[in-house]
Protein chains: 2
Amino acid sequence: MNTDKHSQNLKKEDYLSHIAFDSVIFGFNGKDLKILVLQYHNTGLFALPGGFVRRNESLDEAVSKGVVERTGIDNIYLEQFQTFGGLDRFDSKAMERILKMNGLDPKANEWLLDRFISIAYYALINFEEVNPVPDALADSIEWYSFEELPPLMMDHEEIVQKALETLRANLDRKLLGMNLLPEKFTMRELQNVYEKIMGEPFKRTAFQRKMLATNALIRHEKRFTGGAHRAPYLYSFKTMVKDRS
Amino acid sequence: MNTDKHSQNLKKEDYLSHIAFDSVIFGFNGKDLKILVLQYHNTGLFALPGGFVRRNESLDEAVSKGVVERTGIDNIYLEQFQTFGGLDRFDSKAMERILKMNGLDPKANEWLLDRFISIAYYALINFEEVNPVPDALADSIEWYSFEELPPLMMDHEEIVQKALETLRANLDRKLLGMNLLPEKFTMRELQNVYEKIMGEPFKRTAFQRKMLATNALIRHEKRFTGGAHRAPYLYSFKTMVKDRS
DNA sequence: ACAAAAGTGTTACCTCTACACCCATGA
DNA sequence: TCATGGGTGTAGAGGTAACACTTTTGT
């Protein structure tokens with residue numbers, strides 16, 4: 001949970017009360033699968049980037065805007081995967097602390113201390129294009145790989161877990177790999193993405209054939225890396241179709 | 001969208017504003033796949049059974065309670081599948097009419113006319129056990145098969161569509177058939193469920209083998225129907241495990 | 001005996017896997 | 001020419017699908 005860039009504008013009447021969103025933003029730096037985590041000013045509290053929904057925008061618009069603001073790129077693959085509505089999922093003391101540390105009056109922003117239901121989305125982005133931007137209440141937003149995630153607020157660790165599960169379940173059904181890679185990539189790079197997401201190694205030759213069999217790749221010129229070996233082909237995905245379901 | 005049984009209790013302060021749920025309740029009568037649709041008093045408006053979330057109950061609890069109240073049975077397979085948050089998804093005029101026709105003052109229940117985000121669930125139940133119960137605002141709740149669905153309010157047709165898609169996508173991954181059948185059933189009955197859900201016929205022998213290969217069925221005594229043919233075995237599902245993901 | 005539906009055996013086919021082999025590249 | 005990693009050919013295993021055959025039941 002998190003706020004708009006212009007925190008002074010967090011007026012109750014502009015937003016739908018009790019409704020928040022959280023986003024699990026995945027990026028792949030060529031080696032590791034990472035997610036964006038932000039830290040609130042002077043509190044030591046870590047959380048997923050999130051926000052609230054304005055009365056005059058749809059849920060999808062709100063989330064899209066939030067993710068674009070944090071990453072600096074638009075045209076992002078975004079997918080809603082679950083809504084979290086447990087009774088335990090608000091921590092008014094932590095929220096109060098966050099507001100105070102940002103010089104905001106908790107009394108004047110009482111609606112933020114109330115119970116929230118959060119709609120969770122995951123995003124897949126091309127790591128290279130991103131320049132993460134913290135919002136007004138947070139002083140840092142950084143990439144963390146799964147092995148070194150800091151402890152997250154409230155139920156955010158559960159949200160991350162569920163995001164990863166959903167991503168895994170969808171990986172074969174949809175062509176998700178494309179959203180984590182630059183436009184052109186080698187088969188080895190594609191395999192790396194798949195292995196990091198699934199958390200297990202694949203056989204090189206079987207992977208290659210499986211991918212080619214999907215008929216979704218275009219083969220381009222070779223990439224001469226300077227390595228003392230055969231130059232691999234570059235590939236790109238045929239269409240911008242992200243969902244084949 | 002819909003209300004609690006005791007509509008006089010629909011006090012704003014008891015509920016989370018802007019948040020509703022809708023449920024697509026599937027049942028199988030041995031021949032057709034049907035869903036429960038309710039009709040509001042004197043309005044000709046059809047809608048999915050739904051409700052609101054009390055401040056002191058979790059989202060899942062609220063939905064579960066709502067579905068149990070309408071069907072009269074508990075221990076129902078329930079799965080959240082999507083949250084709908086479009087700007088178009090409120091129709092204050094229709095809601096006003098519903099309130100008026102039920103002798104409620106729209107002014108006193110103004111929060112119900114506001115914009116709502118709805119978390120949608122689907123439920124799978126054993127048709128035979130159900131005795132559908134309309135809530136206070138509705139005068140009927142009835143089974144409709146997909147071919148004869150009445151026009152539904154707001155985005156409820158989209159919700160039904162998405163529920164069916166999700167059910168189809170999950171059918172193989174999870175053992176969902178079990179929730180739509182009585183405890184013991186024949187292979188032909190199980191195949192009927194699958195065919196109705198997927199909307200396509202399966203080969204009898206292939207289906208039988210595929211099901212037996214899952215190793216999830218127990219074979220019981222035969223059922224002598226009086227038909228002039230070999231009596232089929234009865235089967236039941238091995239475990240109450242509903243999710244193998 | 002016969003018709004109807006249930007259950008199973010068999011064969012052909014297809015797919016996937018493993019392994020080997022060849023290819024291209026720069027040192 | 002050697003080491004390294006990329007691409008493809010092939011044979012065997014395993015799984016799937018189609019079809020026929022057998023079994024069981026009530027008329």
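What you see below is based on every heavy atom in this structure, not just the backbone, and it leaves out hydrogens, waters and symmetry mates. Note on naming: letters A, B, ... go to the chains in the order of the sequence lines (proteins, then strands), and numbering restarts at 1 for each one. Note that the coordinates shown come from a computational prediction; the quantities given were computed from them, not determined experimentally.
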* **Qualifying residue for salt bridge (Lys or Arg N to Asp or Glu O under 4.0 Å) with E189(B), from K31(B), R223(B), K196(B)** =>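 Considering K31(B), R223(B), K196(B), a salt bridge (Lys or Arg N to Asp or Glu O under 4.0 Å) with E189(B) is found only for R223(B).
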
* Asked: Within less than 4.0 Å of OP1 or OP2 of dA6(C), is there a side-chain N or O belonging to Q208(B)?
  ->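 Checking Q208(B) against dA6(C): no side-chain N or O falls below 4.0 Å of OP1 or OP2.
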
* Could you check which of dC19(C), dA24(C), dG7(C) has an atom nearest any side-chain atom of R230(A)? =>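 The answer is dA24(C), which lies nearest to the side chain.
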
Can you tell me how far [atom2] of [N] sits from [atom1] of [X], to the nearest Å?
X	N	atom1	atom2	result
F207(A)	dC19(C)	CZ	C1'	20 Å
F202(A)	dA18(C)	CZ	C1'	17 Å
F224(B)	dA4(C)	CZ	C1'	16 Å
E221(A)	dA24(C)	CD	C1'	16 Å

* 5' priority, DNA chain C, between A231(A) and K203(A) [closest heavy atom] ->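 Comparing both residues, the 5'-ward one is K203(A).
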
* To do: Determine, for D60(B) against K65(B), whether the closest basic-nitrogen to carboxylate-oxygen distance falls under 4.0 angstrom.
  =>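 No salt bridge links D60(B) with K65(B).
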
* **Ion pair K162(B)/D155(B), N-O distance below 4.0 Å** =>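 No, K162(B) and D155(B) are not salt-bridged.
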
* Asked: On DNA chain D, nearest-nucleotide positions of K210(B) versus R209(A): which is more 5'?
  ->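 Nearest nucleotide further toward 5': that of R209(A).
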
* Using distance alone, with no hydrogens and no angle criterion, decide if Q191(A) and E195(A) have a side-chain donor and acceptor under 3.5 Å apart. =>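 E195(A) and Q191(A) do have a side-chain donor-acceptor pair below 3.5 Å.
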
* Donor + acceptor pair across side chains of E79(A), N170(A) (<3.5 Å) ->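 Note: E79(A) and N170(A) side chains meet the donor-acceptor criterion.
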
* Which two nucleotides bound the region of DNA chain D that has atoms under 4.0 Å from heavy atoms of chain A, read 5' to 3'? ->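 The protein-touched segment is dA3(D) to dT10(D).
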
So what does [X] touch, heavy atoms closer than 4.0 Å: a base, only the sugar-phosphate, or nothing?
X	value
T186(A)	nothing
R204(A)	base
R219(A)	sugar-phosphate

* To do: Using a cut-off of 6.0 Å, state whether more than 12 heavy atoms not belonging to K222(A) lie near its atom NZ.
  =>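 Correct, the count exceeds 12.
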
* Report yes if some heavy atom in the side chain of H156(B) is under 4.5 Å from a heavy atom in the side chain of D22(B); otherwise report no. =>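 Result yes, sub-4.5 Å side-chain heavy-atom pair found.
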
